[in-house]
Amino acid sequence: MSTNAQLATIFNEMAAVLELIGANPFRVNAHARVARVLKDLTVDVATLADEPKQLEAIEGIGKASAKKIAEFVATGAVAEHERLVGEVPGGLLALLEIPGLGPKTVKMLWDDGGVTDLASLKDAIARGALADLPRMGDKTIRNITESIAFAEQSGDRARLGIAMPLAESIVERLRAVPGAGRVQYTGSLRRGRETIGDIDILATAREPEKLAESFTTMPGVAKVLAAGRTKCSVRLEAGIQVDLRLVDEEAWGAALLYFSGSKEHNVALRERAGKRGARLNEYGLFPDDGDDAPPQQRGIAPIASRTEKEIYAALDLPWIPPELREDRGELTAQIPKLIELADIRADLHAHTVASDGKMTIDELAAAARDRGYHTVAVTDHSQASAVAGGLTVEDLLRHVDAVHEANERIDGITILAGSEVDILADGHLDYDDEVLARLDIVVASPHVALGQDPAKATRRLLTAIRHPLVHVIGHPTGRMVNRREGLHPDIEALVTAAAEHGTALEINANDMRLDLRDVHVRAAVEAGALISINTDAHTPGQLELMPYGVLTGRRGWLTADGCINAWPAKRLHAWLAENR
DNA sequence: GCCGTTTTCGGCCCGACTGTTTTCAGTCG
């Protein structure tokens, strides 16, 4: 973990404890803000630490925090942090992560219910002990129980956006080892799943021992779980397990196929092989001679093994992109040409300093142009999202003028004036039609009432989809990966209406959202609804989240033609103008 | 705890929703 990330954790923990013990909320927020600033910071804070003025020059970091940062860089710890963490039971902070449980409730559970961690909370619920506490009705207790179940069910999987950079850095390191051959991450990460159980890396090497040693001794390893000739396994300080498998060059394709999964896809492939008188394993596709002993150990030559493509071909299949390997019909369907990152030419959902973003219009435009986009949309929050700096009508109209002025001034990219308009709980939009009609693009998104029942959620989203001035429905369910389930609308109804009304549904590429999720995208694609992949960027760096959205689109069988962000400028702009 | 400087102290954008209440506390964004 980088110094920035470690310090971010420390400040987040201080914020959590301060919140729990009822400190001034603004002080709490200041700590959380420092954590956020540190996490977003592109420069290593350690390089600034010996000059306090440099630290204090960073927005959000004052004298006190600068001192703590310097203290950490010098000593590896922050005394105030240790003191604070010592004030509450260790397991209590984790309860704050459970959706619906805030500091007041957790404090009350601790003070009045003797709850000190997740186990004692579950025990108290089971004993019915919570019912005696204030504000703990049946419904609240049931909500807490469900939240715990949800957090536990998804809690041990890392988000794609956490696992991918880790895997890429490990792959890069291993490739640099002398004698290293091919090195590639496989598993659910290669398939682009939204969460990852562990990172699987496949490699060939002239001297496998050297690669293995480099792997087990790399920075960030907390514990070596296994260190054998063909398989090494470590647990990182980040809490993620990483497996390295070393294979022979001849078996590369078979091993890649096998370790990429999914298990269900592999089972289907093996069944298919069986029907063709062959056996498929991680060493290759072999003729089935009726002998149960592994063919590769008996010197049997494989029918195919060096590449995935050869193996699929031998099974009368085209090469199937990893993202589709979920046994969701990929062995029998016509495989479309899936969208690729290089197809993306526009980002249509981003925030500037006008609301809660960190970029100016010019900075956003430059970042989008640097990525080779022909179009970028400025879509700041609407008035209902007060805490996200939502714009009043007057502010919005001024902002629109500023965006249009920037569009005139800046060459090489079209800058659209838009808004991320709240879809209110009843489906109404947060601005009147006259205001919306002034915008080049309207992205309508749900932000509140994300626990409403499915019928209401469906009506709410259908209202927005049918609204003639809405172009895109932003993060349609409002779910947060591992954190919040979000809305459960009738997806079929939504995608059907979206196709009928020509409203695009967003894949929010932020790995915390990935909303729509893969299966919803598939439904939309099958219904003929358009998809828009956007980063919802608040910083220039967040424009780089686009690959996660594209992966999710690919998992939903999305083609470039079905994604408005991949359209040429002329087609996209004409489509936007049509919805007016 | 941070920030600004018509303020070195006093402010720091709060409105919607839920579930508990009988007028509101807690959570979320």
Side-chain angles (χ1 to χ4, degrees), chain A residues 10-12 14-38 52 55-69 78 80-81 84 95-109 112 130-144 146-147 351 353-357 380-392 394-395 420 422-428 430 445-453 456-457 460 474-475 478-480 483-487 508 510 512-513 515 536 538:
Chain A
I10 283 174
F11 276 91
N12 267 329
M14 285 196 286
V17 175
L18 287 168
E19 197 174 28
L20 262 183
I21 61 180
N24 176 347
F26 298 108
R27 195 174 157 217
V28 173
N29 196 34
H31 281 82
R33 185 174 176 209
V34 171
R36 213 163 42 236
V37 165
L38 288 172
L55 288 174
E56 288 172 46
I58 300 169
E59 192 88 17
I61 298 179
K63 265 192 172 18
S65 295
K67 244 178 117 174
K68 292 187 184 103
I69 292 168
V78 177
E80 168 88 348
H81 167 250
L84 280 171
L95 299 187
L96 290 172
E97 299 300 314
I98 297 171
L101 282 188
K104 297 284 168 56
T105 310
V106 171
K107 177 86 170 8
M108 187 273 292
L109 290 170
D112 302 335
L130 291 195
D132 298 322
L133 300 175
R135 307 192 58 78
M136 280 290 144
D138 288 344
K139 236 170 175 175
T140 299
I141 292 174
R142 205 176 328 133
N143 284 344
I144 293 173
E146 282 168 12
S147 284
H351 298 268
V353 290
S355 62
D356 61 350
D380 280 297
H381 286 286
S382 64
Q383 49 198 355
S385 288
V387 177
L391 303 180
T392 62
E394 294 70 31
D395 287 340
E420 184 187 14
D422 264 46
I423 306 173
L424 304 175
D426 65 355
H428 278 93
D430 194 27
S445 312
H447 288 106
V448 296
L450 296 175
Q452 69 186 168
D453 69 65
K456 262 190 199 165
R460 174 191 194 179
H475 50 73
R479 70 92 170 239
M480 299 283 261
R483 293 281 289 131
R484 183 178 66 204
E485 293 211 37
L487 300 170
N508 193 294
N510 189 308
M512 292 174 73
R513 291 194 181 272
D515 174 19
D536 195 356
H538 287 63

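Heavy-atom basis, side chains included; hydrogens, waters and symmetry copies ignored. So you know, we letter chains A, B, ... as the sequences are listed, proteins then strands, and number each from 1.
Side-chain proximity of A:K104 to B:dT27, B:dC2, B:dG19: nearest is B:dT27. Side-chain proximity of A:H31 to the nucleotides B:dG1, B:dA16, B:dT20 is greatest for B:dG1. The side chain of A:S65 sits closest to B:dG1 out of B:dT27, B:dT18, B:dG1.
Between the P atom of B:dG4 and the CD atom of A:E56 lies a distance of 12 Å, rounded to the nearest Å.
Here the CG-CG distance, from A:D356 to A:D380, works out to 7.5 Å after rounding to the nearest 0.5 Å.
Looking at A:N508, its side chain never comes within 3.5 Å of a backbone N or O of A:R513 through a donor-acceptor pair. Judged by distance alone, with hydrogens and angles left aside, the side-chain atoms of A:R479 form no donor-acceptor pair with the main-chain N or O of A:D515 at under 3.5 Å. Remark: the backbone N or O of A:E420 is not paired with any side-chain donor or acceptor of A:S445 at under 3.5 angstrom.
Note on A:D422: nothing from the nucleic acid sits closer than 4.0 angstrom, heavy atoms only. Contact annotation for A:P103: backbone-only contact, meaning every heavy-atom pair under 4.0 Å involves sugar-phosphate atoms and none involves a base. Backbone-only engagement by A:K68 is indicated by non-hydrogen atom pairs under 4.0 Å involving sugar-phosphate atoms exclusively. Heavy atoms of A:A425 sit under 4.0 angstrom from primed sugar atoms or phosphate atoms, though from no base atom.
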What N/O pairs connect the protein and nucleotides 11-13 of chain B at under 3.5 Å? Give each pair on its own line.
from   : atom 1 : to     : atom 2 : distance (Å)
B:dC13 : O2     : A:A386 : O      : 3.4
B:dC13 : N3     : A:A386 : O      : 3.2

